[in-house]
Amino acid sequence: MADSGILNVEDSLDEARWAAVLRRDHAMDGRFVYAVKTTGIYCRPSCPSGPAKRENVRFFLDNAAAEAAGFRTCKRCRPDGVVVADKARNDVKKRIAALDWRRIDAELDEYGVGQLGPLLSPVECSDLAALYGRDQPFRSRVVMQRHGFGSGEYKYFDYPLPDLIGELRSAVYPEAARTANRWRRMLGQDTAFPDNHKAYLQQCHAAGQRRPTPLLLRYGPGDYNCLHQDLYGPEVLPLQMVILLSEPGPKSRGGDFEGGEFVLTEQRPRMQSRAEVVPLRRGEAALFAVNERPRQGAKGFHRVKLRHGVSRIRAGRRFTAGIIFHDAQ
């Protein structure tokens, strides 16, 4: 989510919001409001009034921000009856702040992956997985077999992101950026990542990377994901997050799937590759290296390459959320 009430009109997030206004999308009510400068009023996205001219529209994250800018509520769609609550946003921030980041950093430095532990409730996991059957929250669908990526499929979310995905992305980013900058210093490079995600997205957009990258993945029996790296352009934050939305284990014991282990491999210079299997339960998350990380050697730090994937699903269905912090070209 943005850090202030007003979003930049040039920002692609605003264009996604404008598209929601044009289609009068009820699903976006409570996610933002828009105001019309020529009338002085603000509305919910589903307002039945005829659309204003784009150049006269401003977007706000909530009613309070619109009213602070001098706009009054629309008497037809009554956006003041839809509260954009900060409770969930603050709850996500508290969860992230409460994590043991010292331990997570140590695991990232040693293995290229740090386990965050339980992050989402079973209800939140079910709600996210249920989105997969819909069209609206997504910008594209990829069938892995068609591209040689493996077997299974995934969908990329479109802007505006679902609230929970957007809040997780914004809340985890500062920690990921802190580690990424520390890794760069280990390799003798200047820091490259700003403190907040909005500033980093502006960096991505300046590089021509404007398409959102968070995604949902769905696997069934026999499906798997080949070892790969999620690189979408020259701008790359070298860490990303995975959240398991299904419960591993046999159906007879309350599980949703069998097999489907999350796997990383590390290619070390002049040495054989090393594999790391990351055990996750439903609602648990891990932060891991996208493509490379520093590793201590006899002559100082050097880069090692990493890839990640998912082993074959032997039974059931597995849903996963992936949160990538850089946008795509």
**Study point:** Candidate pair His197 and Leu201, rule side-chain contact (heavy atoms from CB on, under 4.5 Å), full reasoning
**Key:** CA-CA 6 Å; His197 195 234; Leu201 286 182; 3.7 Å; yes

Exercise for review: Measure the CD-CG distance between Gln145 and Asp223 for me, rounded to the nearest 0.5 Å.
Suggested key: 6.0 Å

**Study point:** Residue pair Tyr156, Tyr154: steps toward the ring pair (Phe, Tyr, Trp, His ring centres under 6.0 Å) verdict
**Key:** CA-CA 7 Å; Tyr156 286 107; Tyr154 54 88; 5.6 Å; yes

Practice item. Hey, can you tell me if His147 and Phe149 have their rings parallel, tilted or perpendicular (30° and 60° cut-offs)? Key: parallel

Check your understanding: Is it true that Arg295 and Asp109 have a side-chain N and a carboxylate O under 4.0 angstrom from each other?
Key -> no

**Study point:** CZ/Arg312: more than 12 non-hydrogen atoms of other groups inside 6.0 Å
**Key:** no

Exercise for review: Start with the C-alpha gap between Val310 and Val263, add the side-chain angles, then the distance that decides, and say whether side-chain contact (heavy atoms from CB on, under 4.5 Å) holds.
Suggested key: CA-CA 6 Å; Val310 174; Val263 181; over 6 Å; no

Check your understanding: For Gly309 and Leu227, which heavy atoms make the closest approach, and how far apart are they?
Key -> N-CD2, 3.8 Å

Practice item. Please check if Leu216 and Leu119 belong to a single hydrophobic cluster, counting links between Ile, Leu, Val, Met, Phe, Trp and Tyr side chain heavy atoms closer than 4.5 Å. Key: yes

Check your understanding: Are Arg210 and Glu235 ion-paired here, with the side-chain N under 4.0 Å from a carboxylate O?
Key -> no

Exercise for review: Over all heavy atoms of both residues, which pair between Tyr132 and Lys155 is shortest? Give the atoms and the distance, please.
Suggested key: O-NZ, 2.7 Å

Review point. Looking at CG of Asp256 and CD1 of Ile313, how far apart are the two atoms once the value is rounded to the nearest 0.5 Å?
Key: 11.0 Å

Check your understanding: Judged by atom type as modelled, is there a donor-acceptor pair below 3.5 Å linking the side chain of Lys93 to the main-chain atoms of Glu167?
Key -> no

Check your understanding: Is Arg281 paired with Glu284 through a side-chain N to carboxylate O contact shorter than 4.0 Å?
Key -> no

Review point. Does the ring centre of His308 sit less than 6.0 Å away from the ring centre of Phe288?
Key: yes

Review point. Does the pair Asp190/Arg185 count as a salt bridge with the N-to-O cut at 4.0 Å?
Key: no

Review point. In terms of the angle between their ring planes, are Tyr200 and Tyr173 parallel, tilted or perpendicular, with boundaries placed at 30° and 60°?
Key: parallel

Exercise for review: List the atom of Ala20, the atom of Phe32, and the distance in Å for their closest heavy-atom pair.
Suggested key: CB-CZ, 4.2 Å

**Study point:** N-O pairing of Glu153 and Arg141 below 4.0 Å
**Key:** yes

Point to revise | Smallest separation among heavy atoms of Leu245 and Thr320, with atom names | key: CD1-C, 4.0 Å

Exercise for review: Rounded to the nearest 0.5 Å, what's the gap from CE on Met144 to OH on Tyr224? Could you check?
Suggested key: 10.0 Å

Exercise for review: Scan Gln203, His205, Arg211 and name whichever one has a side-chain hydrogen bond (donor to acceptor under 3.5 Å, both in side chains) with Asp327.
Suggested key: His205

Point to revise | Residue pair Ser273 / Gln267: nearest heavy atoms and the distance that separates them | key: OG-CA, 3.8 Å

Practice item. Drop me the distance from Glu258's CD to Glu261's CD, to the nearest 0.5 angstrom. Key: 10.0 Å

Review point. Near Asp195 CG, under 6.0 Å, is it more than 12 heavy atoms from other residues, nucleotides or ligands?
Key: no

Check your understanding: Regarding Thr213 and Asp230, is there a side-chain donor-to-acceptor distance under 3.5 Å anywhere?
Key -> no

Exercise for review: Check Val57, Val33, Val36 against Tyr42 for a side chain to side chain contact (heavy atoms under 4.5 Å, CB included) and give me the one that passes.
Suggested key: Val33

Point to revise | Single-linkage hydrophobic cluster, 4.5 Å side-chain cutoff, Ile96 and Phe193 together | key: yes

Review point. For residues Tyr111 and Glu266, is any side-chain donor paired with an opposing acceptor at under 3.5 Å?
Key: no

Exercise for review: Can you see which heavy atom on Tyr219 is nearest to which on Ser151, and at what distance?
Suggested key: CD2-O, 3.9 Å

Exercise for review: Check for a donor-acceptor pair, side chain of Gln209 on one end and backbone N or O of His326 on the other, with a separation under 3.5 Å.
Suggested key: no

Exercise for review: Would you kindly check if the NZ (Lys) or CZ (Arg) of Arg17 is within the cone defined by 45 degrees around the ring axis of Phe59 and under 6.0 Å from the six-membered ring centre?
Suggested key: no

Study note, to complete from the structure: Interatomic distance, CG@Asn225 vs OG@Ser311, rounded to 0.5 Å, equals 10.5 Å

Check your understanding: Hey, mind stepping through Leu128 and Leu120 against side-chain contact (heavy atoms from CB on, under 4.5 Å) and telling me if it holds?
Key -> CA-CA 10 Å; Leu128 284 178; Leu120 300 185; 3.8 Å; yes

